[in-house]
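Sequence lines set the chain letters: A, B, ... in the order given, protein chains first and strands last, and positions in each chain run from 1. Quantities reported herein were computed from a predicted structural model and do not represent experimental measurements.
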Amino acid sequence: MPRYWLLKSEPEAFSIDDLARAKNQTTRWDGVRNYQARNFLRDEIAVGDGVLFYHSNADPPAVAGTARVVRAGYPDPTQFDAKDGHHDPGSTSDAPRWFAVDIAFDAKFAHAVTLPELRADPALAEMVLLRKGSRLSVQPVSAAEWKRISKLGARE
DNA sequence: GCCAACGTTGGC
DNA sequence: GCCAACGTTGGC
């Protein structure tokens, strides 16, 4: 059984359209520097899992579409690159601290499902995204939440 | 641009 | 181990 995840990205940095335009419509999801999110990337996320692509710091913030995981957790190369903004001098190749996954474009929603719409839907009340103070950039989504949001996004 | 909430760091 | 200071996230 596939599992489902929500990944946040600021669309000014990398949007669902950028993913759709990327080589092979695939990208490496790197640069995550939070331990709880790292644990999901390293230990939980599997090939074939579904991804809700969320635009944070956007107007309005919204789930913009879906992607799927095409490569499970592996050491994030940017942590070893001194020229990269995500460089972590405390991490070694023997014991990498940070992990990445690869995702491929699936679909852009006909209707981006906005944060107010998510909040207004009783079926989504338990979403991690909607919890007070929740800032996790990689978070689990239930199968029911996935189904519901996909349905909302398919609306014209 | 503001600021609440959260995570990390480092002195003690 | 505590906690103040600082940095980041992300909605508004």
### Message
Measuring from the side chain of A:Arg135 (C-beta onward, heavy atoms only), which nucleotide among C:dG11, B:dT8, C:dT9 has the closest atom?
### Response
C:dT9
### Message
Between A:Arg68 and A:Asp49 (salt bridge meaning N to carboxylate O under 4.0 Å), is one present in this structure?
### Response
no
### Summary
note: A:Glu12, atom CD; C:dG10, atom C1'; distance rounded to Å ~ 13 Å
### Message
Measure CZ/A:Arg97 against P/B:dG7 and give the value in whole Å, please.
### Response
17 Å
#### Entry: Among C:dC12, C:dG10, B:dT8, the one nearest A:Lys8 by side-chain distance
C:dG10
### Task
Could you check which of C:dG10, C:dC12, B:dA5 has an atom nearest any side-chain atom of A:Lys132?
B:dA5
### Task
Can you tell me the distance, in whole Å, between the CG atom of A:Leu6 and the P atom of C:dG10?
10 Å
### Message
Whole angstroms only, please: what is the NE2-P distance between A:His86 and C:dT8?
### Response
12 Å
### Query
Does A:Tyr54 place a side-chain N or O at less than 4.0 Å from the phosphate oxygens OP1/OP2 of C:dT9?
no
### Query
Would you call A:Arg33 and A:Asp76 a salt bridge, using N to O less than 4.0 angstrom?
yes
### Message
The side chain of A:Ser137 is closest to which nucleotide in this list: B:dG7, C:dC12, C:dG10?
### Response
C:dG10
#### Entry: Nucleotide B:dA5, atom C1' - distance to CG of A:Leu129 in whole Å
15 Å
### Message
Distance check needed: B:dC6 P versus A:Gln36 CD, whole Å only.
### Response
12 Å
### Residue A:Leu115, side-chain heavy atoms: nucleotide from C:dC12, B:dT8, B:dG7 that is nearest
C:dC12
### Task
Would you mind telling me which residue lines up with the more 5' stretch of DNA chain B, A:Asn57 or A:Ser134, judged by nearest nucleotide?
A:Asn57
### Task
Say whether A:Phe14 and A:Leu136 are linked into one hydrophobic cluster, either directly or through other cluster members, by side-chain heavy-atom distances under 4.5 angstrom.
yes
### Task
Send over the distance from A:Glu117 CD to C:dG11 P, rounded to a whole Å.
15 Å
### Check ion pair A:Lys108-A:Asp17 (N to O, under 4.0 angstrom)
yes
### Task
Return the value, rounded to whole Å, for the distance between atom CD of A:Gln139 and atom P of C:dT9.
15 Å
### Message
Using ring centroids (six-membered ring only for Trp), state whether A:Phe53 and A:Trp29 fall under 6.0 Å.
### Response
yes
### Nucleotide of B:dT8, C:dG10, B:dA5 approaching A:Tyr35 most closely (side-chain heavy atoms)
B:dT8
